[in-house]
Structure formats: C-alpha cells, structure tokens
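Heads up: the structure comes next, in structure tokens.
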2 protein chains.
Amino acid sequence: MSQSIRVIVAEDQAMVLGALAALLETEPDITVCARSANGREALSAVAKLKPDVLVTDIEMPEMTGLTLAAEVRERYPQTRVMILTTFARPGYLRRALDAGAKGYLLKDRPAAELAEAVRRVHRGLRVVDPDLAAEAWDSGADPLTERERQILWRAGEGKSSLEIAEELHLSEGTVRNYLSEAISKLDASNRIDAARIARAKGWL
Amino acid sequence: MSQSIRVIVAEDQAMVLGALAALLETEPDITVCARSANGREALSAVAKLKPDVLVTDIEMPEMTGLTLAAEVRERYPQTRVMILTTFARPGYLRRALDAGAKGYLLKDRPAAELAEAVRRVHRGLRVVDPDLAAEAWDSGADPLTERERQILWRAGEGKSSLEIAEELHLSEGTVRNYLSEAISKLDASNRIDAARIARAKGWL
DNA sequence: AGACCGTAATGACATGTGTCACCTTCGATT
DNA sequence: AATCGAAGGTGACACATGTCATTACGGTCT
C-alpha cells in the first residue's frame, strides 16, 4: 500500500461533519486530517496541512464552498477540491467547475460513492454527477444580470419594491423594471414565482 | 456489557444516511440493524425488526418523520423515536412531541451527542435541545387555522389569489381575506413575508 | 340560550405590482 | 466613430393585493 490519502472535510452541520468523517475513516487508504465547520476555517486548515483532497459543502457561513474552491485553486493548487452538496442545481455545478473544483457529488448518492470519488479526484480524474451534468447542459446559462439577482433575492424575502429601492438607492420604478425583466426572462408569473425558479436553478 | 442497543436510521439523503450509520457503528454498545431512505420503508423495517430506537429525519418523501413517529407510537410502542433534523423550528418540535417522539436533536449539534442521545432515549429519558425548547415555549402556539395554512402555503409558491381560489373552490375575495388575516396574525408586511415567517416557525 | 369561533362571501377603497414605451449615461466591442 | 448592452430613470395604465365593514351559517362550549 502506498501513502494514505489525506483529506479535509468542511461542512457546517456538526453532526453531518462528524458522520462523514467517520464514514471516510472506515476506509484504510484514507485519513481525515482535519474537520472544518465553515469556509474560513477550512481555508486555514488547508494552508496548514496541505491535504490531497478537500471535500466541502457549498452553503456554509463565513465563506461558501464555491468561494473556498476558488481560493484553494489560486493559493494551494496541489489540493484538489471536491464539492459535496444537497443541491442538484445546474448553476451551482457550473460555478463550481468555474471555480476549479475537480468533483461535484450529491448527498443523495449512496455512501459508498464518497470514498471512491475521493480516490478518483486524488488520481487527477474529474467526478461529476452525470444526470446533473446533462441538466446543466440543456438548462442553459444564467440569464440574470447582477442587479436583477440582487433585486430578485430581496423580493423573494418578502420586501416591497419601495423597500428594495431604498436599500439599493434606486427609484421604485427601476426596481419594478428589473423585476419585470427577471419575471419575463424566467417565464414566471410574478416575483415570488421568479425567485422560486431562480433558486431551483442555483442562480440566486 | 448488557445487550447492544438496536437502532434503525431513517434519512432521505443516502450519503448522510450511510455516514450516520457509520458514526453509530463506531460505538460498541450500538448496532444499526436497518437503514431506510423514507418513512414508509422505515415503518416496515420497524414492523419487521422491532428495534429499541428509531432515529429519523423529518422532511422525507412518502411519509414525513412526524407522521412516522405517530404511527410507531401507535403500533410499536416498544420502539422509541428520536427525531434528528436540520430544522430548529418550534412548530416541528411541538408536533414531534405531540406525535410521541422521545427525543429531538439538531444536526448542527456535535457528532458525539448522537450516540449519547440514543442511549438516553433507550433508557426512557427524554432528549430535547434546550435552546429550541426555550424558543418553543415563548414563541407561542401556531396561530393559523387549517384554511389559512392551506392558502398561505400556495401563496408562498407564487400562486395568485385567483389561482388559489379556483384550486380550493373559493371566491377570490375569500382568499384575500384569509391572506389578510394570516398577514396580520404573523405581523408580516405581505403574503411572501408571512409565508417566510410561518415556514421559519414550522407552521407551514 | 347566548357567546364564540371557523368558514365563506360581497363590496369598496387605497396601494402595490407588472408591463410598456421611451429616455439618458457609460463603458466595452467592432 | 459607431454600435451595443448594462445600468438607471420617468410616466402611464391595467390589474393584483391588502384592508375593512358587514353579513351569514354551523358547530361547540358554558
């Protein structure tokens, strides 16, 4: 047996973090050398330990897994990043690959696939959920501009056009225009519907 | 050492299910005798194996953890149910206890607490997250009526008053009245805000 | 019997929302 | 130099939403 694969796991739900680490520890050729509860912690752990693979969730406090992946690619290219997330959102996959992630695995895949995916990524191979890759292909690119995203996000939180306008220092009419654009781009029937659709695609 | 504690784990995300089982298997006094990906599966596993403890998530396809808990209490009272979930929602806790669950543990608690909680529940003790219990206390009871819940749910999905009215065979004005009631009960500023608040409390 | 609550409805009114046409400014392409 | 697109804006209009008063019916406690 060669050297053991050194892995850091980042995941904000402590119980799930511990459980994933326990799962990986059952593999004789894999060692979990650190566990992090958020992106910032994970980044400093990577800096200190220079692991072979970083397995990370996306939605975390302090720093998201997507930002984390970009930072690690930039500063510690010898560590390969694998995203492990609940969300089968085309937009997330696209952004993850853009950020230099080598793998994208869903939490509803069987537990046995985790160790296998870590080994593949360590060998320099890419691991991407095939169904999701296909969906990402035909679901097209994110049609929203940055402004539309900002505004639609706030609308989805229940804020009125006027509130959003004040928050972003815009006129109320402009906010309504952006929302109208977003609604038509997403083929939605109103702002709530539009926010729902954008969230499902991973564009928000 | 006495007899090992026999546990069934139910969780819809396969990877997390496997990881939690691996975590529990590291304990010498606990045995995972089955794993279920949804509520229906878990119920038949409980029927067949009569375990000491059932650890279950809430949001699952086929049958939710809350319904499952009620069924198990009714039909297999020798099996004690512990809810393990992401959601720190007072309404969920209340409904879980009403359904006869003996424990309510959050996924963002440390991994070490899981085994300890299983042991306590097995001994007949109750395990409830103290912060959440306090919040459940002062957040008061669910103020929504069944009709208000139905209508607010659909409004939160982006449906218009007219669409909701047709779906439930009501007049549009009636739907608007119910929404207005819900908005004022929840101290929200509009339907979206109201749906968001109700979801956060676990009332939707 | 009376009080209370959930359900259901109507009409009226003020505001909020979605759409459209049309305008300006600014930076990046061609 | 000309064109394009993103950002930002105005005004106008139709329709949706939120509020309120008021009515009505059937349960269910006391």
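To find a chain, count down the sequence lines: A is the first, B the second, and so on, and within it residues start at 1.
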Have a look at [X] and say if it touches a base, only the backbone sugar-phosphate, or nothing, with a 4.0 Å heavy-atom cut-off.
{"X": "A/Arg147", "answer": "sugar-phosphate"}
{"X": "B/Thr174", "answer": "base"}
{"X": "B/Ser161", "answer": "sugar-phosphate"}
{"X": "A/Ser180", "answer": "base"}
{"X": "A/Leu162", "answer": "nothing"}

Side-chain ion pair, [X] and [Y], N-O less than 4.0 Å:
{"X": "B/Asp193", "Y": "B/Arg196", "result": "yes"}
{"X": "A/Arg149", "Y": "A/Glu146", "result": "yes"}
{"X": "A/Lys107", "Y": "A/Glu11", "result": "yes"}
{"X": "A/Glu167", "Y": "A/Arg154", "result": "yes"}

| message | Quiz question: going by heavy-atom distance under 3.5 Å, is there a donor-acceptor pair between the base of C/dT10 and the side chain of B/Asn177? | response |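 Check passes, donor-acceptor contact within cut-off.
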When the distance from [atom1] of [X] to [atom2] of [N] is rounded to whole Å, what number comes out?
{"X": "A/Leu170", "N": "D/dG9", "atom1": "CG", "atom2": "C1'", "answer": "10 Å"}
{"X": "A/Asp187", "N": "C/dG18", "atom1": "CG", "atom2": "P", "answer": "15 Å"}
{"X": "A/Lys159", "N": "C/dG16", "atom1": "NZ", "atom2": "C1'", "answer": "17 Å"}
{"X": "A/Lys185", "N": "D/dA7", "atom1": "NZ", "atom2": "C1'", "answer": "12 Å"}
{"X": "A/Ile192", "N": "C/dT17", "atom1": "CD1", "atom2": "P", "answer": "10 Å"}
{"X": "A/Glu172", "N": "C/dG16", "atom1": "CD", "atom2": "C1'", "answer": "8 Å"}
{"X": "B/Leu179", "N": "C/dT17", "atom1": "CG", "atom2": "C1'", "answer": "16 Å"}
{"X": "B/Asp193", "N": "D/dT17", "atom1": "CG", "atom2": "C1'", "answer": "15 Å"}

| field | DNA chain C: 5'-proximal contact among B/Gly173 and A/Gly173 (nearest heavy atom) | value |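 Taking each residue's closest nucleotide, the earlier one in sequence belongs to B/Gly173.
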| Among D/dG18, C/dT19, C/dT7, the one nearest A/Ile183 by side-chain distance |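 Comparing D/dG18, C/dT19, C/dT7 against the side chain of A/Ile183, the answer is C/dT19.
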| request: With the side chain of B/Tyr178 defined as its heavy atoms from C-beta on, choose the nearest nucleotide among D/dA7, C/dT7, D/dG18. | output: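 Nucleotide nearest to B/Tyr178's side chain: C/dT7.
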| request: State whether B/Arg176 places a side-chain N or O below 4.0 Å from either non-bridging phosphate oxygen (OP1 or OP2) of D/dT19. | output: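 Checking B/Arg176 against D/dT19: no side-chain N or O falls below 4.0 Å of OP1 or OP2.
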| request: Look at A/Ser184 and C/dT19 and indicate whether a side-chain polar atom (N or O) is within less than 4.0 Å of OP1 or OP2. | output: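 No, because none of the side-chain N or O atoms of A/Ser184 sits under 4.0 Å from OP1 or OP2 of C/dT19.
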| Quick check: does any side chain N or O of A/Arg191 sit under 3.5 Å from a backbone N or O of A/Ser180, one acting as donor and the other as acceptor? |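 Side chain of A/Arg191 to backbone of A/Ser180, a donor-acceptor pair under 3.5 Å: no, none is there.
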